[in-house]
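First the structure, in the form of structure tokens, and then the observations on it.
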Amino acid sequence: MNDLKTVSVEIEDGIAWVALNRPEKRNAMSPTLHLEMDRVLAELETDPAVRCLVVTGAGKAFSAGQDLKEFFRELDGKPAETKRATEAANRWRWDRLYNYGKPTIAMVNGFCVGGAFMQLIACDFAIAAEDATFSLSEINWGIIPGGLVARVMTEALGYRDALDLCLTGRAFDGAEAARLRLVNEAVPLDGLKARVKELATLLMSKDPVAYRCTKEAVRRVRSMPFDQAYDYLNAKMQEVHQAGGGRAQREGISQFIDQKSYKPVEGSYSH
Ligand code: ACO
């Protein structure tokens, strides 16, 4: 990953800090950036040194959305390049992140605009600076929230709020994003990284198979009728047991009942 031009990666204590790295362009997402993020996320997902992924932006932006010059204007009339860039863009921002096999956190340090809502909503958690600026600006320059943005807005927010933000394109801050539940929390910018590190440490303390299967279960059952959800969750439980030969559950119970070394309500068993 030494050849990256638009993305930076730092791995420390199990956390991969992945930053969109075009601060002079407010981390607008160019075709090169999409191809690099697609590759980086794939590599980190199977890197044993990585137990939690944080997506953020260099400088004062999380991301100013798609690069209006390089992604839209310069790809205009080039169907092959458009297809390649669009596929990479959708793959890393949604397919990879939504289904990521490890905990994921969006750390929103500043401007979060348009297409950046995909990676924002795809992550398991989102923590924003109170004064970060959000906007679905698409309508302000004559397009619609594409990719999956309009769809995932209705997934993350109530209908009225999703419509409001998509139709007005108005800017709102991190504190409002937290009130709308678009992000989990908003904190002062100078405490943002520490708070994300604290959350990452908590998520890494969980049994990794149970964590992955829980998030897959919550996401999949949302659109299932109850009878299918029963079946799905039963099969998912078998997957959890099979992954460690049932060791995790036995150990988790034993550390509570026999060793009395932890209480499940207060934290995770030691794995
Ligand atoms: N695409 C291309 N270039 C961009 C983008 C973008 N999305 N956002 C910022 N830039 C460039 C600017 O053109 C400028 O380039 P220059 O230095 O060569 O002139 C540089 O980044 C800095 O931008 P400024 O506007 O000077 O920075 P400022 O901090 O004042 O404002 C802001 C930041 C509010 C994010 C502003 O740049 C902006 O409104 N950007 C457009 C955001 C947008 O609408 N994105 C598209 C969303 S829709 C979608 O993603 C499908």
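Just the heavy atoms: all of them, side chains too, but no hydrogens, waters or symmetry mates, feed the values below. Numbering of ligands and ligand atoms starts at 1, following listing order.
Annotation: cation-pi geometry satisfied between K193 and W17 (NZ/CZ under 6.0 angstrom from ring centroid, within 45° of ring axis). Note that R220 lies outside the cation-pi zone of Y232, set by a 6.0 Å cut-off to the ring centre and a 45° limit from the axis.
Among protein heavy atoms, the minimum distance from atom 51 (C) of ligand 1 is reached at Q66 CG, 3.6 Å. Looking only at heavy atoms of the protein, atom 34 (C) of ligand 1 is closest to F111 CE2, 3.7 Å. For atom 1 (N) of ligand 1, the nearest non-hydrogen atom of the protein is L68 N, 2.9 Å. Closest to atom 28 (P) of ligand 1, if we only count protein heavy atoms, is R26 NE, 3.7 Å. The shortest contact between atom 49 (C) of ligand 1 and any protein heavy atom is with G115 N, 3.5 Å. The nearest protein atom to atom 21 (O) of ligand 1, hydrogens excluded, is given as K25 CA, 3.2 Å; this is a heavy-atom distance.
Only one option out of D124, V18, D47 pairs with L53 in a side-chain contact (heavy atoms from CB on, under 4.5 Å); it is V18. Here the rule is side-chain contact (heavy atoms from CB on, under 4.5 Å) with L120, and of V149, V183, L97, V152 only V183 fits it.
Distances shorter than 4.0 angstrom occur between a heavy atom of E24 and an atom of ligand 1. Residue contacts with ligand 1 leave out E70, since none of its heavy atoms falls under 4.0 Å from the ligand. No heavy atom of F71 sits closer than 4.0 Å to any atom of ligand 1.
A distance-only check finds a donor-acceptor pair linking the side chain of Q255 to the backbone of S270 [under 3.5 Å].
Considering backbone and side-chain N/O of G114, none are found under 3.5 Å from N/O of ligand 1. Residue A28 has no nitrogen or oxygen atom sitting less than 3.5 Å from a nitrogen or oxygen atom of ligand 1, judged on distance alone. Taking only nitrogen or oxygen atoms, main chain and side chain alike, E138 does not reach within less than 3.5 Å of ligand 1. Polar contact with ligand 1: present for S137 (N/O pair, distance under 3.5 Å). In terms of polar-atom proximity, A64 is counted as a contact of ligand 1, with an N or O under 3.5 Å from an N or O of the ligand.
Distance remark: protein heavy atom present below 4.0 angstrom from atom 47 (C) of ligand 1. Note that atom 13 (O) of ligand 1 has no protein non-hydrogen atoms nearby, at separations under 4.0 angstrom. Atom 19 (O) of ligand 1 is not flagged as protein-proximal [any protein heavy atom, distance under 4.0 Å]. Within the 4.0 Å cut-off (strictly below), a protein heavy atom is located near atom 6 (C) of ligand 1.
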Next on the checklist: The test is side chain to side chain donor-acceptor pair (under 3.5 Å); show your working for Q66 and H34 and say whether it passes.
Outcome noted: CA-CA 10 Å; Q66 297 288 19; H34 287 306; 2.7 Å; yes
Next on the checklist: Evaluate Y100 against W92 for ring-ring contact (aromatic ring centres under 6.0 Å, His included), listing each step before the verdict.
Outcome noted: CA-CA 10 Å; Y100 217 64; W92 82 262; over 10 Å; no
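Between the side chains of T56 and N109, a donor-acceptor pair is found at a separation under 3.5 Å. Looking at Q242 and Q238, their side chains never bring a donor and an acceptor atom within 3.5 Å of each other.
The ligand atoms of ligand 1 that sit less than 4.0 angstrom from a heavy atom of K60 are 29 (O). Which parts of ligand 1 touch V113 is read off a 4.0 Å heavy-atom cut-off, strictly below it: atoms 42 (C), 43 (C), 44 (O), 45 (N), 47 (C). The contact set between ligand 1 and G65, taken as ligand atoms under 4.0 Å from a residue heavy atom, comprises 50 (O). Near W141, with a cut-off below 4.0 Å to any heavy atom, the atoms of ligand 1 are 46 (C), 48 (S).
Linking Ile, Leu, Val, Met, Phe, Trp and Tyr residues whenever their side-chain heavy atoms come within less than 4.5 Å leaves V9 and M204 in two separate clusters.
Closest of all the heavy-atom pairs between I11 and A49 is CG2-O, 3.9 Å. Between S268 and D207, the shortest heavy-atom contact is OG-N, 4.2 Å.
Classified by interplanar angle (parallel below 30°, tilted 30° to 60°, perpendicular above 60°), the ring pair F134/F117 is perpendicular.
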